[in-house]
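In what follows, every chain begins at residue 1, and chains take the letters A, B, ... in the order their sequences are listed. Values in this document were obtained by computation on a predicted structure and should not be read as measured data.
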Amino acid sequence: MAPCAFPRKSRDIPAMTHAYRSHTCGQLRIDHKGQDIRLSGWVHRVRDHGGLLFIDLRDHYGLTQIVIDPASPAFKAAEKVRSEWVIRVDGKVQPRPAGTENSELPTGLIEIAASEITVHSEARELPLPVFGDTEYPEDIRLKYRFLDLRRDRIHGNIMKRGAIIDSLRRRMKEQGFFEFQTPILTASSPEGARDYLVPSRVHPGKFYALPQAPQQFKQLLMMSGFDRYFQIAPCFRDEDARADRSPGEFYQLDIEMSFVTQQDVFDAVEPVLRGVFEEFGGGYSVTPKFPMIAFRDSVRWYGTDKPDLRNPIKMQNVTEHFRGSGFKVFAGMIAADPKVEVWAIPAPKGGSRAFCDRMNSWAQQQGQPGLGYVFWRDGEEGAAGPIAKNIGLERTEAIKSQLALETGDAAFFVAGVPAKFYKFAGEARTKVGQDLDIIANDRFDFCWIVDFPMYEWNEDDKKVDFSHNPFSMPQGGLEALESKDPLDILAYQYDIVCNGVELSSGAIRNHRPDVMKKAFEIAGYAEEVLLEKFGGMYRAFQYGAPPHGGIAPGVDRIVMLLCNEPNIREVVPFPMNQQAEDLLMGAPSEATPKQLRELHIRLNLPE
RNA sequence: GCGGGAGUAGCUCAGUUGGUUAGAGCGUCGCCCUGUCACGGCGAAGGUCGCGGGUUCGAGCCCCGUCUCUCGCGCCA
């Protein structure tokens with residue numbers, strides 16, 4: 001695990017006469033010996049020796065050991081305290097007796113000899129111990145989030161989150177970006193995700209929507225003549241959760257720039273992300289110059305548009321080696337359909353029957369017919385495995401040479417129409433990498449995925465759809481839209497990916513009303529739709545729109561990566577559960593009849 | 001909406017092929033303990049085995065249904 005604990009600097013609280021504390025629990029050192037001090041905090045742990053009693057007192061800043069002698073007037077109170085009570089301790093700083101120092105604690109050379117203990121507040125028996133690092137069920141953690149957040153790891157994560165956001169802001173401002181606020185109550189927009197709606201009291205039957213992203217506002221700011229926009233922007237989408245996706249709401253580092261090419265956006269964003277990952281990445285190496293990978297290549301090489309480049313495996317097309325070969329299954333498929341390809345997944349050091357068989361049965365568990373393979377082992381001429389026998393030495397040698405493999409290695413094969421199998425091939429690539437333990441886990445490997453297709457074929461509706469953002473500028477502009485097959489048109493649309501996590505999507509926007517009209521027409525939308533759905537922005541395009549583009553990296557995912565947490569709830573202070581409920585606040589909740597009346601809403605609940 | 005996993009004490013978990021009174025650690029409560037930092041020792045309380053039904057002489061365990069949590073798919077431009 002990457003280091004997550006976030007260092008907390010103690011504040012100076014000078015006066016012993018302060019009602020609660022003269023110092024924090026992370027502050028006192030050997031230099032303070034002999035001083036009379038006052039601390040307030042939570043009882044982290046009590047060790048009662050009968051004749052001598054220790055209390056670990058904890059606050060945001062750290063832990064200090066309190067020692068109470070039976071002769072002390074504080075002893076009676078100390079015997080009563082329990083975990084997570086909040087107390088105030090008056091006492092004297094003293095060096096710990098020789099041999100009892102605790103080198104794991106910054107305050108471990110000293111302790112406080114208590115003279116008085118005052119209880120600020122007691123705690124009931126805990127549903128969730130703060131002490132220790134056991135895993136607890138999500139629902140209890142969320143219901144008692146205030147206890148959960150006292151625990152060291154998540155407390156550190158939340159502090160680190162704040163520091164990362166500070167750093168992002170600072171780096172953006174250094175590059176001449178200016179932070180704006182955009183409306184939270186706005187209009188519904190058919191941008192893809194389901195909207196959260198807010199009923200209007202003043203306008204019966206009408207609704208605001210919470211923004212899925214400030215997309216149109218940031219573009220409007222560019223058309224309003226502001227040059228470089230950013231915002232740590234809350235975004236709302238009513239879609240189901242995943243481990244790396246909060247239900248309901250999340251934050252983006254939303255960015256937009258005027259008079260820029262795609263490369264200008266990359267040049268602006270790359271140093272911000274690299275800087276933040278170097279600053280908070282716990283010494284992991286960060287890609288010095290983010291490579292650009294075309295969407296099409298990413299799918300061919302990695303089986304996904306969000307490749308984890310820490311995995312060195314790159315797939316290759318080996319169709320020709322199987323065409324007309326003795327391995328009839330593949331040869332037959334290739335002969336029957338010109339779209340069929342065979343892809344190879346090289347598996348360095350995977351050359352054993354045990355490993356290859358394990359991969360094969362894994363593939364079957366995934367609902368695949370199996371996973372063909374050949375492997376090369378010591379003291380054996382040519383390759384081993386059933387396929388090798390069928391296609392013969394010459395072809396296996398050609399495959400070995402193309403994939404640059406050696407004795408002791410293996411190659412797995414997936415065959416079919418790539419559009420149908422690439423996803424599985426990507427999973428197999430990941431599985432091979434994981435099982436062979438060749439994924440570098442001490443790096444942040446970034447890349448840009450570029451040249452996304454502008455349109456895709458919607459098989460259900462038998463029509464052409466926008467494949468990503470309808471506001472993206474098609475490569476080749478109006479001419480491409482008018483002359484090319486829509487499915488061949490690429491867009492100035494890009495993603496940034498780190499360690500297999502999609503951090504962000506972005507695009508150079510379409511700022512030309514004529515091009516936009518045509519682009520929507522191809523997707524089957526008349527100009528009226530454009531006017532109705534995107535009226536404000538479409539109007540703005542008519543009055544002098546600068547070429548512009550941007551991107552919006554997901555803040556929560558950046559923090560997840562930097563805290564090395566697999567679940568987004570570990571880096572969000574008050575997350576909702578998978579069902580989009582806030583178990584602490586009890587949201588969502590029913591509205592009163594009065595509220596509903598004011599909003600002109602009558603419920604029509606499911607049976 | 002669909003599929004996988006889980007649900008036993010306040011918390012983390014064990015519980016054999018279906019067989020006596022369902023166990024352990026932590027926590028709680030009581031007693032003992034002057035150098036601990038996962039303190040230690042002795043004792044006690046604490047259970048609708050998620051819920052409902054079924055099979056059986058007998059169910060924590062088997063079957064059916066259902067609820068909750070979680071992971072994934074769909075969904076998320």
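Nucleotide rU16(B) is matched to nothing when pairs are restricted to Watson-Crick or G-U wobble geometry with both distances under 3.5 angstrom. Both distances falling under 3.5 Å, in either a Watson-Crick or a G-U wobble arrangement, place rA44(B) opposite rU28(B). In this structure rC2(B) sits in a base pair with rG72(B), meeting the Watson-Crick or G-U test at under 3.5 Å. Base pairing of rG58(B) is not made with any nucleotide, judged by Watson-Crick or G-U wobble geometry with both donor-acceptor distances under 3.5 Å. rG52(B) is paired with rC64(B) under the Watson-Crick or G-U wobble criterion, all donor-acceptor distances under 3.5 Å. Applying the Watson-Crick and G-U wobble criteria (two distances, each under 3.5 Å), rC39(B) pairs with nothing in any strand.
Among the protein residues, Phe54(A) comes within range of the nucleic acid bases, having at least one heavy atom under 4.0 Å from a base atom. No engagement by Leu105(A) is indicated, since no non-hydrogen atom pair under 4.0 Å with the nucleic acid exists. If you check every strand for non-hydrogen atoms under 4.0 Å, Lys143(A) touches nothing. Using a 4.0 Å heavy-atom cutoff across all strands shown, Glu135(A) reaches sugar-phosphate atoms only and no base atom. Using a 4.0 Å heavy-atom distance criterion, Glu111(A) is classed as a base contact. Arg569(A) comes within contact range of the sugar-phosphate backbone alone, with a heavy-atom separation under 4.0 Å but no base atom that close. In this structure, Glu101(A) reaches the bases: a heavy-atom distance under 4.0 Å links it to at least one base atom across the strands shown. Pro127(A) comes within contact range of the sugar-phosphate backbone alone, with a heavy-atom separation under 4.0 Å but no base atom that close. Ser467(A) comes within contact range of the sugar-phosphate backbone alone, with a heavy-atom separation under 4.0 Å but no base atom that close.
In terms of polar N and O atoms assigned as donor or acceptor, the side chain of Arg141(A) never comes within less than 3.5 Å of the base of rC11(B) in a complementary pairing. Judged by distance alone, with hydrogens and angles left aside, Asn102(A) brings a side-chain donor or acceptor within reach of the base of rC37(B), the pair sitting under 3.5 Å. Residue Gln212(A) places no side-chain atom within donor-acceptor reach of the base of rA77(B), judged by atom type and a 3.5 Å distance cut-off alone. For Arg245(A) and rC75(B), a side-chain-to-base donor-acceptor distance below 3.5 Å is present, hydrogens and geometry of angles not being considered.
Contact check, Arg47(A) against rU36(B): no side-chain N or O comes under 4.0 Å of OP1 or OP2. Here Gln579(A) does not reach the OP1 or OP2 of rU68(B): none of its side-chain N or O atoms lies under 4.0 Å away.
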What string of B, S and - do you get for nucleotides 24-34 of chain B, 5' to 3', when a contact is any protein heavy atom under 4.0 Å?
---BSS---BB
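Within residues 490-502 of chain A, no residue places a heavy atom under 4.0 Å from RNA chain B.
Checked against rC73(B), rC71(B), rC69(B), the side chain of Asp139(A) finds its nearest nucleotide in rC69(B).
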Please list each protein N or O that sits under 3.5 Å from an N or O in nucleotides 2-5 of chain B, with the distance.
none

